[in-house]
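This chain uses plain numbering: 1 for the first residue, then up along the sequence.
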Amino acid sequence: MKLAEALQERADLNKKIEQLRSRITSNALMQEGVLPVEDPEQLLKELDECLNQLEKLIIIINKTNMAVVSDGELLSDLLAKRDVLKLRIASFQNTISIASNLCFRSRGDEIRQLSAVDVKALQKKVDALSRDYRILDNRIQAANWTADLIEE
């Protein structure tokens, strides 16, 4: 199995777990004399099985990420770089959004709001970081589809 397939399986398991949690919540209480639509005990058992599968899958994925090398860098390192790059971009975009929200005065005696940052320069930086993010993400995706999962 390729790493990318395991990642897809992990995403599917996470969705199934969330659905099971919702179904358990919907069936955990019942009106006296009325049976729940689904057996919450059975749903809890299914949830537990899914969680066990997810734990095993995460361990295998993490081991693989620590072993796969892409252009001289560990995949786990590339993932950390991508996560931080995503946070950096989001932070800068938030700053741009706030700094671009200038209030217009209806009268000349109102206090003016001015941007404290160079929005244009910051936007250029976000554009460059976004390009770097796409390149890094493509590199990670390529590694995911070429790396075999370590199932030891």
Side-chain angles (χ1 to χ4, degrees), residues 1-29 38 40 43-44 46-152:
M1 176 187 293
K2 296 295 181 188
L3 177 56
E5 294 169 301
L7 293 169
Q8 289 173 338
E9 188 176 326
R10 181 184 70 185
D12 290 345
L13 268 172
N14 279 319
K15 285 178 192 171
K16 185 174 182 178
I17 288 167
E18 194 52 44
Q19 290 170 349
L20 284 167
R21 290 177 61 192
S22 177
R23 289 165 55 198
I24 290 166
T25 301
S26 298
N27 290 283
L29 284 176
E38 294 184 87
L43 293 172
L44 285 167
E46 189 177 347
L47 175 65
D48 196 46
E49 290 169 6
C50 287
L51 290 168
N52 289 337
Q53 289 175 5
L54 181 62
E55 180 182 1
K56 290 175 186 171
L57 196 55
I58 289 171
I59 290 169
I60 292 170
I61 289 169
N62 288 345
K63 284 181 182 178
T64 304
N65 287 341
M66 291 297 294
V68 171
V69 177
S70 173
D71 297 329
E73 290 185 88
L74 287 175
L75 187 52
S76 59
D77 294 349
L78 295 176
L79 292 168
K81 287 178 182 182
R82 183 183 66 180
D83 290 347
V84 171
L85 196 50
K86 185 176 183 178
L87 285 171
R88 183 171 281 124
I89 291 167
S91 298
F92 290 165
Q93 285 174 329
N94 185 56
T95 303
I96 290 168
S97 176
I98 291 168
S100 298
N101 192 13
L102 302 177
C103 298
F104 295 99
R105 302 181 303 169
S106 58
R107 297 186 326 229
D109 60 347
E110 292 177 353
I111 297 173
R112 287 183 59 195
Q113 296 276 326
L114 301 174
S115 177
V117 297
D118 184 347
V119 172
K120 196 178 214 180
L122 195 53
Q123 184 60 58
K124 283 182 96 172
K125 188 171 188 172
V126 166
D127 292 344
L129 290 171
S130 296
R131 183 195 68 242
D132 294 346
Y133 180 89
R134 285 188 302 276
I135 292 168
L136 180 58
D137 189 58
N138 287 340
R139 191 170 152 201
I140 290 168
Q141 296 305 322
N144 287 343
W145 281 106
T146 57
D148 289 319
L149 200 61
I150 297 173
E151 299 191 46
E152 296 176 354

- Item | Working for side-chain contact (heavy atoms from CB on, under 4.5 Å), residues Leu3 and Leu75 | CA-CA 11 Å; Leu3 177 56; Leu75 187 52; 3.3 Å; yes
- Task: Would you please test Lys16 and Leu20 for side-chain contact (heavy atoms from CB on, under 4.5 Å) and show each step?
- Result: CA-CA 6 Å; Lys16 185 174 182 178; Leu20 284 167; 4.2 Å; yes
- Task: In sequence, state the C-alpha distance, the side-chain angles, and the governing distance for Gln8 and Asp12, and then conclude on side chain to side chain donor-acceptor pair (under 3.5 Å).
- Result: CA-CA 6 Å; Gln8 289 173 338; Asp12 290 345; over 6 Å; no
- Evaluate the side-chain contact (heavy atoms from CB on, under 4.5 Å) criterion for residues Gln123 and Phe92: first the C-alpha distance (whole Å), next the side-chain angles of each, then the deciding distance (0.1 Å), finally the verdict. CA-CA 8 Å; Gln123 184 60 58; Phe92 290 165; over 6 Å; no
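Separating the CE atom in Met1 from the CD1 atom in Ile60 is a distance of 8.5 Å, to the nearest 0.5 Å. Remark: Ile24 CD1 to Leu43 CG distance equals 5.5 Å, nearest 0.5 Å. Atom NZ of Lys81 is separated from atom CG of Leu136 by 8.0 Å, given to the nearest 0.5 angstrom. Taking OH of Tyr133 as the start and CG of Asn138 as the end, the distance is 10.5 Å to the nearest 0.5 Å. Rounded to the nearest 0.5 Å, atoms CG (Leu51) and NZ (Lys56) are 12.0 Å apart. Going from atom CG of Leu13 over to atom CD1 of Ile58 covers 9.0 Å, rounded to the nearest 0.5 Å.
Remark: side-chain polar atoms of Arg23 are not paired, donor with acceptor, to backbone N or O of Glu38 under 3.5 angstrom. Side-chain atoms of Ser97 never come within 3.5 Å of backbone atoms of Gln93 as a donor-acceptor pair (strictly under, hydrogens ignored). Put simply, the side chain of Ser22 never gets that close to the backbone of Glu18: no donor and acceptor are under 3.5 Å apart. At distances below 3.5 Å, not a single donor-acceptor pair connects side-chain atoms of Ser115 with backbone N or O atoms of Ser100.
The two residues Leu85 and Asp132 make their nearest non-hydrogen contact at CD2-C, 3.9 Å. Heavy atoms only, all atoms of each residue included: Ala67 and Ile150 are closest at CB-CD1, 3.3 Å. When all heavy atoms of Ile140 and Leu78 are compared, the pair lying nearest together is CD1-O, 3.6 Å. Minimum interatomic distance between Val68 and Ala143 (heavy atoms only, all atoms of both residues): CG1-CB, 4.5 Å.
Residues forming a side chain to side chain donor-acceptor pair (under 3.5 Å) with Asp148 (at least two apart in sequence, or on another chain): Lys2.
A salt bridge does not link Glu151 to Lys63: none of the charged side-chain nitrogens sits closer than 4.0 Å to a carboxylate oxygen.
The environment of Met66 atom CE is sparse: at most 12 non-hydrogen atoms of other residues, nucleotides or ligands sit within 6.0 angstrom.
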